[in-house]
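Here is the structure we will look at.
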Amino acid sequence: MQAGLIFLAGTTGQVLVHSTITPIVKSTLSLLTSLRTVDGTPTLQDVIVTLDIPATLQTIESTCMALKCDEEPLKTAAGHVVNAVQHIHQLLTRIADITASHRAGYVSRWRTLVIDDEISQLRSLMNILSQRFKLMCDIHSVTS
């Protein structure tokens with residue numbers, strides 16, 4: 001009975017990470033594509049290119065899919081990586097909303113878009129994501 005529950009919990013944890021990371025990464029990549037086509041925000045373009053966000057997210061997604069996340073230390077670490085990707089997605093959604101409302105408004109004709117705080121937060125969140133991903137890979141190398 002207990003072995004069945006442990007197997008079920010482990011399988012559920014692995015499915016949870018796999019079913020969570022793929023949709024959020026695909027959604028974030030489409031959001032990044034739409035943000036790249038927005039004109040008038042060269043600093044955002046520079047950050048997306050400098051941090052290489054699309055390739056980083058795709059690499060993290062592929063690695064999370066390849067690792068076996070059914071054991072507890074790795075399952076927790078993968079959950080934190082997914083959480084960081086979700087925070088990045090929320091921030092990019094907020095940037096897209098700010099950009100869209102700015103372009104739709106009357107003031108966009110004479111006022112420039114300022115998203116410096118959001119760009120700073122994006123840099124910070126990408127740093128956190130890379131640290132969490134590195135920790136997950138270190139945990140995998142120790143446990144295997």
Side-chain angles (χ1 to χ4, degrees), residues 5-144:
L5 290 175
I6 291 172
F7 175 75
L8 181 63
T11 306
T12 304
Q14 187 175 7
V15 169
L16 182 66
V17 170
H18 290 283
S19 66
T20 305
I21 191 134
T22 300
I24 196 76
V25 167
K26 289 188 186 309
S27 178
T28 305
L29 290 175
S30 66
L31 190 58
L32 280 169
T33 303
S34 70
L35 285 173
R36 279 186 169 184
T37 60
V38 173
D39 53 347
T41 56
T43 55
L44 180 61
Q45 302 301 323
D46 294 341
V47 169
I48 291 171
V49 170
T50 303
L51 297 177
D52 200 13
I53 296 173
T56 302
L57 291 177
Q58 288 173 337
T59 302
I60 288 173
E61 176 193 15
S62 298
T63 304
C64 284
M65 298 294 282
L67 295 178
K68 304 220 182 311
C69 299
D70 55 348
E71 296 178 12
E72 183 46 45
L74 194 57
K75 182 170 67 172
T76 302
H80 289 297
V81 168
V82 170
N83 190 15
V85 172
Q86 288 173 340
H87 285 302
I88 290 169
H89 178 75
Q90 290 171 353
L91 180 64
L92 289 172
T93 302
R94 186 171 42 169
I95 290 172
D97 290 344
I98 290 169
T99 304
S101 67
H102 175 77
R103 288 191 334 185
Y106 174 73
V107 295
S108 66
R109 296 180 190 161
W110 50 271
R111 184 173 178 246
T112 59
L113 176 65
V114 179
I115 53 172
D116 294 337
D117 292 339
E118 287 79 8
I119 289 174
S120 174
Q121 290 174 0
L122 182 61
R123 287 181 193 269
S124 175
L125 286 174
M126 286 301 293
N127 188 23
I128 290 170
L129 176 64
S130 67
Q131 290 173 354
R132 288 182 181 180
F133 180 68
K134 183 182 180 310
L135 180 64
M136 184 182 75
C137 291
D138 290 345
I139 289 172
H140 177 69
S141 67
V142 167
T143 58
S144 62

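The heavy-atom pair separating Arg132 from His80 by the smallest distance is NH1-O, 3.0 Å. Closest approach of Ile21 to Met65, counting heavy atoms only: CG2-SD, 4.2 Å. When all heavy atoms are compared, the tightest approach of Ser141 to Asp138 is OG-O, 2.8 Å. Shown here for Ser27 and Ser30, the closest heavy-atom pair between the two residues is O-OG, 2.8 Å.
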Kindly list each side-chain donor-acceptor pair under 3.5 angstrom involving residues 113-128, sequence neighbours excluded, with atom names and distances?
| unit_1 | atom_1 | unit_2 | atom_2 | d |
| --- | --- | --- | --- | --- |
| Gln121 | OE1 | Arg94 | NH2 | 2.7 |

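Side chains of His89 and Thr93 form a contact here, defined as non-hydrogen atoms less than 4.5 Å apart. Looking only at side-chain heavy atoms (C-beta outward), His140 and Thr63 stay at 4.5 Å or farther from each other. Inter-residue side-chain proximity for Leu51 and Thr56 is flagged as unmet; no heavy-atom pair is nearer than 4.5 Å. By the 4.5 Å heavy-atom criterion applied to side chains, Pro54 and Ile48 are counted as neighbours.
Within the model, atoms CG of Leu32 and CG of Leu29 stand 6.0 Å from one another, a figure rounded to the nearest 0.5 Å. Leu31 contributes atom CG, which lies 15.0 Å from atom NZ of Lys26 (distance to the nearest 0.5 angstrom).
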Are Leu129 and Leu57 close enough, and set up right, to give a side chain to side chain contact (heavy atoms under 4.5 Å, CB included), and what steps lead you there? CA-CA 9 Å; Leu129 176 64; Leu57 291 177; 3.9 Å; yes

Stepwise side chain to side chain contact (heavy atoms under 4.5 Å, CB included) check, Leu67 with Met136: CA-CA 10 Å; Leu67 295 178; Met136 184 182 75; 3.8 Å; yes

Residues Thr20, Gln86; criterion side chain to side chain contact (heavy atoms under 4.5 Å, CB included); working and verdict: CA-CA 9 Å; Thr20 305; Gln86 288 173 340; 3.5 Å; yes

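Checked by atom type, the side-chain pair Thr76/Glu72 shows a donor-acceptor distance below 3.5 Å.
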